[in-house]
Amino acid sequence: MTPDRAAGLTATARALAGGEVSSRTLVEHTLARIEASQGTLNAFRIVRAEAALAEADAADRELAAGGRRPLLGVPVAVKDDMDVAGEPTAFGCQGVHPTVAEDGEAVRRLRAAGAVIVGKTNTCELGQWPFTEGPAFGATRNPWSIEHTPGGSSGGSAAAVAAGLVPAALGSDGAGSVRIPASWTHLVGIKPQRGRVSTWPRGESFHGITVNGTLARTVADAALLLDAASGNHAHDPHRPPAVDASAAVGRDPGRLRIALSLKPPFTAVPARLRPEVRARVLELAERLAGLGHTVEEADPPYGQIGLAFVPRATAGIAERVAEAPFPALLDRRTRGAARLGRLLGGVPLRAARRAEALLHRRIGGFFENYDVILAPTTAAPPPRIGAMLHLSGFATDRAMIAACPYAWPWNVLGWPGVNVPAGFAPGGLPVGAQLLGPANSEPLLISLAAQLEAELRWHEHWPREAVADSPAG
């Protein structure tokens, strides 16, 4: 096997196990691609060059001795809100942050599967916004158009995978932060069930709305990374029953009842589905109907679900701000959100948590008539770099809701969702659609996504800014 940016996670793991390539060679080429792209895409906050090469050498020794693990020697990246031993966790913030002593549980499990962590990818400050920019690191750019954002907050992971720098990466999703950048960079993005991938050393991240998920070019690769990262720390409060995501990839989903939901959930400011996105989602609905599924327009009974989101999100920001080593360097919008979070962190937060059970019953009842929801992931294609960077807090919220009103309810519910590429808006900008299901429905969503992928073959399309002229290209 010649190292190639087009080789996905599954193929790379297979080639390593078969002795077709060494981990050292793969990691060297990965580091070269990252270095060649960093001045343009700026996907990484930290590149672990020396440590990754040492880990690759150790993987090669294990492979030579007959050792086999699911990702042994495979280079992957993680978002910079996850602890990697010996590295700082800045989470998009300015300042020189202290190194952490231990891997977070998700990273520990990736290492247990044999993965080589080549670096930590950029994210906006405390993961709040659907763009990946800020004074701490500059702007991370979209490989499909470097004048546009890859989205956020897992924009660095999305840019790295979309450009072929790494075959897959972990991100986190608190209001769509895996699914939004996956949509805007033509990737598969899996937001799993709450607790599926541990967020430890935090038992709950942002009061349970944030989960760790996976980004890859194919459903099989996203599922393989999900399987490798899944599992719990002994003290995790949420411990869903295990699923085999990879086994679901080749499974026929059967004939499903699919609700096409185009109406945004209730938001305090206007949100309108742009016609170029609507057209792509309708085309996807037609494809699903052509595959034998029953597709009809229907919207879940969301009600005032936003009242269960805002206290959890802002109280989570307030907690992170209280821990920040350099609070004076934080964005004014972050400080404003933290002030609101301190106000909402008592009775409103407790009410928001209690409301989840009612929402589960009400929206869960919708799944008595439908198996899966198909919805836009975003209302608009990716904005230009800088479009939201210097807005006031209120103006940022308005712009964010207008562009991304669809993803966050599933964070309140804690249920799985999968972004699938839906094609391109005029001008060549990617857009996506979500497959949404009830609790623990990852296998069903993954099997349906894989069925679509077999028809649409979205992984065969590459952006202009993929680093084809690097040593591995």
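Source: prediction; values computed, not measured. For reference, positions follow the sequence shown, starting with 1.
Salt-bridge annotation for Lys120 and Asp80: present, with a side-chain N of the basic residue lying under 4.0 Å from a carboxylate O of the acidic one. No salt bridge links Asp299 with Lys263; every basic N to acidic carboxylate O contact stays at or beyond 4.0 Å. With salt bridges taken as basic N to acidic carboxylate O contacts below 4.0 Å, one links Glu105 and Arg109. Using a cut-off of 4.0 Å between Lys/Arg side-chain N and Asp/Glu carboxylate O, Arg350 and Glu356 are scored as not salt-bridged. A salt bridge is absent between Glu442 and Lys191: the closest approach of a Lys/Arg side-chain nitrogen to an acidic carboxylate oxygen does not fall below 4.0 angstrom. A salt bridge links Glu283 with Arg280: at least one charged nitrogen is closer than 4.0 Å to a carboxylate oxygen.
Between Leu282 atom CG and Glu297 atom CD the span is 7.0 Å, to the nearest 0.5 Å. We find the NE2-CZ distance between His148 and Arg384 to be 4.5 Å, quoted to the nearest 0.5 Å. Residue Thr40 holds its OG1 atom at 8.5 Å from CZ of Arg141, rounded to the nearest 0.5 Å. Taken to the nearest 0.5 Å, the CD1 atom of Ile190 stands 4.0 Å off from the CD1 atom of Ile446. Considering CD1 of Ile401 and OG1 of Thr396, their distance stands at 10.5 Å, rounded to 0.5 Å.
In this structure a side-chain-to-backbone donor-acceptor pair under 3.5 Å is missing from His186 to Pro421. Side-chain atoms of Arg33 never come within 3.5 Å of backbone atoms of Ala163 as a donor-acceptor pair (strictly under, hydrogens ignored). In this structure, the side chain of Glu296 does not engage the main chain of Ile258 through any donor-acceptor pair within 3.5 Å. A donor-acceptor pair under 3.5 Å is formed between the side chain of Asp173 and the backbone N or O of Val178. Arg464 places a side-chain N or O within donor-acceptor distance of the main-chain N or O of Trp144, the cut-off being under 3.5 Å. In terms of modelled atom types and a separation under 3.5 Å, the side chain of Thr334 and the main chain of Leu330 share no donor-acceptor contact. Without hydrogens or angle criteria, Ser230 side chain to Leu226 main chain gives a donor-acceptor distance under 3.5 Å. One N or O on the side chain of Asn42 and one on the backbone of Ala139 form a donor-acceptor pair closer than 3.5 Å. In this structure, the side chain of Asn419 does not engage the main chain of Gln434 through any donor-acceptor pair within 3.5 Å. Without hydrogens or angle criteria, Glu125 side chain to Gly134 main chain gives no donor-acceptor distance under 3.5 Å.
If you check the side chains of Lys79 and Ser154, you find a donor sitting under 3.5 Å from an acceptor. With hydrogens and angles left out, the side-chain atoms of Ser172 and Asp81 include a donor and acceptor closer than 3.5 Å. Looking only at atom types and distance, the side chain of Gln128 has no donor-acceptor partner in the side chain of Arg333 under 3.5 Å away. For the residue pair Thr218 / Arg457, no side-chain donor-acceptor distance below 3.5 Å is found, with atom types taken as modelled. Side-chain contact annotation: Glu133 with His390, donor-acceptor N/O pair under 3.5 Å absent. Of the N and O atoms on the side chains of Asn232 and Ser198, not one donor lies less than 3.5 Å from an acceptor on the other residue. Of the N and O atoms on the side chains of Asn212 and Thr199, not one donor lies less than 3.5 Å from an acceptor on the other residue. No hydrogens or angles considered: a donor-acceptor pair under 3.5 Å links the side chains of His207 and Glu319.
Closest non-hydrogen pair, Pro181 versus Thr185, comes out as O-OG1, 2.6 Å. Nearest heavy-atom pair, Ala228 versus Ala113, reported as atom, atom and distance to 0.1 Å: CB-CB, 3.9 Å. Annotation for Ala158 and Leu215: closest pair CB-CD2, 4.1 Å, computed over non-hydrogen atoms. The minimum heavy-atom distance between Phe137 and Thr123, with the atom names listed, is CE2-O, 3.1 Å. Taking both residues in full, the closest heavy atoms of Gln38 and Ala43 are given as OE1-N, 3.5 Å, listed atom of the first, atom of the second, then distance. Across all non-hydrogen atoms, the minimal contact from Cys404 to Pro130 is SG-CB, 3.8 Å.
Between Arg312 and the options Ile317, Thr210, Asn411, Leu349, a side chain to side chain contact (heavy atoms under 4.5 Å, CB included) holds for only Leu349. Tested against Trp184 for a side chain to side chain donor-acceptor pair (under 3.5 Å), the candidates Thr149, Thr378, Thr377 yield a single pass: Thr378.
Counting heavy atoms from C-beta on, the side chains of Met388 and Pro383 come closer than 4.5 Å. Contact of the Ile373 side chain with the Pro300 side chain is registered, since non-hydrogen atoms from C-beta on lie closer than 4.5 Å. Contact check for Val161 versus Val166: side-chain heavy atoms found under the 4.5 Å cut-off. Inter-residue side-chain proximity for Asn122 and Phe44 is flagged as unmet; no heavy-atom pair is nearer than 4.5 Å. Counting heavy atoms from C-beta on, the side chains of Arg274 and Arg272 come closer than 4.5 Å. Between Pro264 and Tyr406, some side-chain heavy-atom pair lies under the 4.5 Å cut-off. For the pair Leu71 and Leu224, the minimum side-chain heavy-atom distance is below 4.5 Å. Proximity of Glu453 to Val420: side-chain heavy atoms (C-beta onward) are nowhere separated by under 4.5 Å.
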Using the side chain to side chain contact (heavy atoms under 4.5 Å, CB included) rule, take Val118 and Ile34 through it: C-alpha gap first, then chi angles, then the decisive distance, then the call.
CA-CA 9 Å; Val118 296; Ile34 293 170; 4.1 Å; yes
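Under the 6.0 Å distance and 45° angle rule, Arg194 does not count as a cation-pi partner of Trp410.
More than 12 heavy atoms of other residues, nucleotides or ligands lie within 6.0 Å of CZ in Arg362, so this atom counts as buried by the packing criterion.
Between Phe309 and Trp408, the ring-plane angle classifies as tilted under the 30° and 60° cut-offs.
Less than 6.0 angstrom separates the ring centroid of Trp415 from the ring centroid of His360.
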